[in-house]
Protein chains: 2
Amino acid sequence: MIPADRRTADSVESMAATRDAEVRPLRRDAADNRRRLLAAAETVFAAHGLDAPVEEIARVAGVGMGTLYRRFPTKDALITELVRELLTDVLRAAREALAVPGGDGLEQFLGAAAESHIAHRGCLPRLWSSPDTDALRQEVREVMLQLFLDAQEHRRVRADADISDVDLVLWSLSGVIETTHGQSETAWRRGLAIIVAGLRPAGGALTEPALSPSALQEIRGRTPTG
Amino acid sequence: MIPADRRTADSVESMAATRDAEVRPLRRDAADNRRRLLAAAETVFAAHGLDAPVEEIARVAGVGMGTLYRRFPTKDALITELVRELLTDVLRAAREALAVPGGDGLEQFLGAAAESHIAHRGCLPRLWSSPDTDALRQEVREVMLQLFLDAQEHRRVRADADISDVDLVLWSLSGVIETTHGQSETAWRRGLAIIVAGLRPAGGALTEPALSPSALQEIRGRTPTG
DNA sequence: TTTCAGGCGGAGTGTTCACTCCTCTTACTT
DNA sequence: AAGTAAGAGGAGTGAACACTCCGCCTGAAA
């Protein structure tokens, strides 16, 4: 969306400017505007996609362009911040699911993750490829692995399932959510029910091998394409 | 991608100009260029997404801008033509699958459809929302329904499955293919294996209801968002 | 209350991109 | 072989958009 050669934000600096409230607290009006901008961005992106002009976001937030660009050095930084919110939601859901007994945490997590995806629908296309959120994604994966192992131990998931299958489920959910958005906010539930049934031990053996670790690694570590 | 107010092609006329060779056959150079443009568009869109500039397509095809725009009145028309190719592939696959005995046509079709998606990866984002291809999509759906009923009759698909679940599978595959493209062209196979296992009769009852007919209707009949 | 760093708005800038226009060229027809 | 309708090419056009600049304003520290 943003041509690669037009502007290259210093990501580290931008993160510091937009996250580290402890460095120097934002003035109250500035903090308000920041929150309003994020909310507006979510609304606008959800309605018109990531191609929506930033001017529209500023208008919905009720601030000027200058304000938007003092809070977020680039449009990309704004999107990344939304992705960070989404991933934070997902991480919280994953940790909560760890407390679910009987190996059912994984399924609960998948549902909660889908809900988060819906809530942040606008930035879904960047979920798996936004920079500056790798650490967060890594944390999510670690918890996901625990949830998966727990589910498998309790025989809630077939023995020939693989941790990479959890990634596949999330990618599938993305597809369903993106395709049905605006028409049905619950279609994914049925899709998830089917996929979960496919992960249960009852079905016949899976004839396709899981993703190879290297392929998985590459897909997970992907950075945005220019 | 193309601002709604910038250009509104007369779709009917454009279809006639780009499809009905019988009205007046294109001159040979023109027909050649048309083919080269479609091939180039596929390549370029697959590599850089639908946001790739048309100039790049013209360059790859080895023709000028004027030529591109004489063959396709808008960028959208070019994309629509690619979607039409994709849907034609899918329709052929669906009809071939009708001949598969034992209710296994549906599964074969799903695999073949995914292969077509990969082959036309670039235009995937428009698959479910491109105008001027409704008739084709409708034909695909009719054959899909037959495949589904056949599979269910042969107990290859659980009794509580619904035709809308086939749509869900395709949307899921889109998500997996889009997320893994460039890193793995076969990840979808594993995803499909899991989903198919979920559709088999063996698993427990699906706790989520199928999409309501009206919701399905709306999602299927969707036109592109501006 | 004063001071001023930090914040605000919004017109302006440069670039990209879809699409057009016009001149020169070429493949079919007769 | 000549005539011509159709085609080719590519610089040019206008609009949209991400981002900047700068004069005015305000919350909070002293």
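Just so it is clear: chains get the letters A, B, ... in the order the sequence lines come, proteins before strands, and each one is counted from 1.
With D/dG7, C/dC28, C/dC8 as the candidates, the nucleotide lying closest to the side chain of A/R71 is C/dC8. The nucleotide whose nearest atom lies closest to any side-chain atom of B/P53 is, among C/dC17, D/dG27, D/dA18, C/dC17. Comparing atom distances between the B/R70 side chain and each of D/dG10, C/dC22, D/dC19 picks out C/dC22 as nearest.
Ionic pairing of B/D76 and B/R126 is present here: one or more N-O contacts between side-chain nitrogen and carboxylate oxygen are shorter than 4.0 angstrom.
With rounding to whole Å, B/Y69 atom OH is found 18 Å from D/dG7 atom P. C/dT20 atom C1' lies 18 Å from atom CZ of B/F72, rounded to whole Å. Distance, B/K75 NZ to C/dT16 C1': 11 Å, rounded to whole Å. Distance CG (A/D76) to P (D/dC17): 17 Å, rounded to an integer number of Å. One interatomic measurement links the two molecules: CG of B/D29 to P of D/dA8, which rounds to 5 Å at whole-angstrom precision. For the pair B/L68 CG and C/dT20 C1', the interatomic distance rounds to 13 Å; values are reported in whole Å. Residue B/M65 contributes atom CE, which lies 17 Å from atom P of C/dC22 at whole-angstrom precision. Between the CG atom of B/D32 and the P atom of C/dA27 there is a distance of 10 Å, given to the nearest Å.
Under the side-chain contact (heavy atoms from CB on, under 4.5 Å) rule, B/L168 has a single partner from A/L192, A/I195, A/V176, which is A/V176.
Between B/L87 and B/V140, the shortest heavy-atom contact is O-CG2, 4.1 Å. The shortest non-hydrogen separation linking B/R71 to B/A30 is NH1-CB, 3.3 Å.
Other residues, nucleotides and ligands contribute only 12 or fewer heavy atoms inside 6.0 Å of the CD atom of B/E55.
Applying the 4.0 Å criterion to OP1 and OP2 of D/dG9, one finds that B/T67 has a side-chain N or O inside that range. Between A/N33 and C/dG7 there is no side-chain N or O to OP1 or OP2 distance below 4.0 Å.
In this structure, B/R27 reaches the bases: a heavy-atom distance under 4.0 Å links it to at least one base atom across the strands shown.
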